[in-house]
Novice: 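Quick one: the structure is below, questions incoming.
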Amino acid sequence: MSHFVHTFSISSTVLTKKKEVLDYLNLRVSGILFTAIYLDDHLTYLFVKTKGRVSDLILLLLVQKGIVTQLLNSDVSNGNVDIPIIV
């Protein structure tokens with residue numbers, strides 16, 4: 001079964017309300033399997049693994065929430081995907 005991994009660049013202000021943003025997406029987008037927010041070299045990334053192509057919906061929800069965002073990539077994944085995990 002194919003899954004989709006969507007990568008977004010988001011504003012760093014999300015780091016202060018990370019749990020709120022992830023809960024917001026999980027409640028509104030069906031088929032989310034995994035979400036992670038990752039900070040690297042002063043850029044903040046949001047990774048979302050889903051069962052379908054929902055990158056446009058995620059982008060719309062983030063913008064409606066007032067989060068500055070940009071879709072960087074949306075790939076089909078047939079197996080495991082290396083997504084950075086933040087503890």
Novice: Could you tell me if the side chain of L46 sits less than 4.5 Å from the side chain of T7, heavy atoms only?
Specialist: no
Novice: Closest approach of R28 and L57, non-hydrogen atoms and distance?
Specialist: O-CD2, 4.4 Å
Novice: Can you confirm whether H3 sits close enough to T50 that some side-chain heavy atom of one is under 4.5 Å from a side-chain heavy atom of the other?
Specialist: no
Novice: Let me confirm one number: the CZ-OH distance from F47 to Y38, rounded to the nearest 0.5 Å.
Specialist: 7.5 Å
Novice: Would a hydrophobic clustering, with Ile, Leu, Val, Met, Phe, Trp and Tyr connected at side-chain separations under 4.5 Å, put I58 with V63?
Specialist: no
Novice: For a quick test of reading the model, state the closest non-hydrogen atom pair linking T35 to I32 and the distance between them.
Specialist: CG2-CG2, 3.6 Å
Novice: Applying the 4.5 Å side-chain criterion to the ILVMFWY set and letting contacts propagate, would V54 and L33 be lumped into a single cluster?
Specialist: no
Novice: Should V76 and V5 count as side-chain neighbours, where that means a heavy-atom distance under 4.5 Å?
Specialist: no
Novice: Examine L39 and L25 and state if one hydrophobic cluster contains both, with Ile, Leu, Val, Met, Phe, Trp and Tyr joined whenever side-chain heavy atoms are less than 4.5 Å apart.
Specialist: yes
Novice: So how far is it from N26 CG to K19 NZ, rounded to the nearest 0.5 Å?
Specialist: 9.0 Å
Novice: Considering only residues two or more places apart or on different chains, which pairs with a residue in residues 52-63 satisfy side-chain hydrogen bond (donor to acceptor under 3.5 Å, both in side chains)?
Specialist: none
Novice: Determine whether a donor-acceptor pair (N or O, by modelled atom type, separation under 3.5 Å) exists between the side chain of T69 and the backbone of S9.
Specialist: yes
Novice: With K65, which residues qualify under salt bridge (charged side-chain N to carboxylate O under 4.0 Å, His left out), at least two apart?
Specialist: E20
Novice: So do L72 and F8 actually touch side chain to side chain, heavy atoms under 4.5 Å?
Specialist: no
Novice: I'd like to check L62 versus V68 (side-chain heavy atoms, cut-off strictly below 4.5 Å). Are they in contact?
Specialist: no
Novice: How far apart are the closest heavy atoms of S11 and I67, and which atoms are they?
Specialist: OG-CG2, 3.9 Å
Novice: Measuring from atom CD1 of I10 to atom CD1 of I37, what distance do you get when rounded to the nearest 0.5 angstrom?
Specialist: 4.5 Å
Novice: Are any of the side-chain heavy atoms of L61 and Y24 separated by less than 4.5 Å?
Specialist: yes
Novice: Heavy atoms only: give me the nearest H6-G52 pair and the separation to one decimal.
Specialist: NE2-O, 3.5 Å
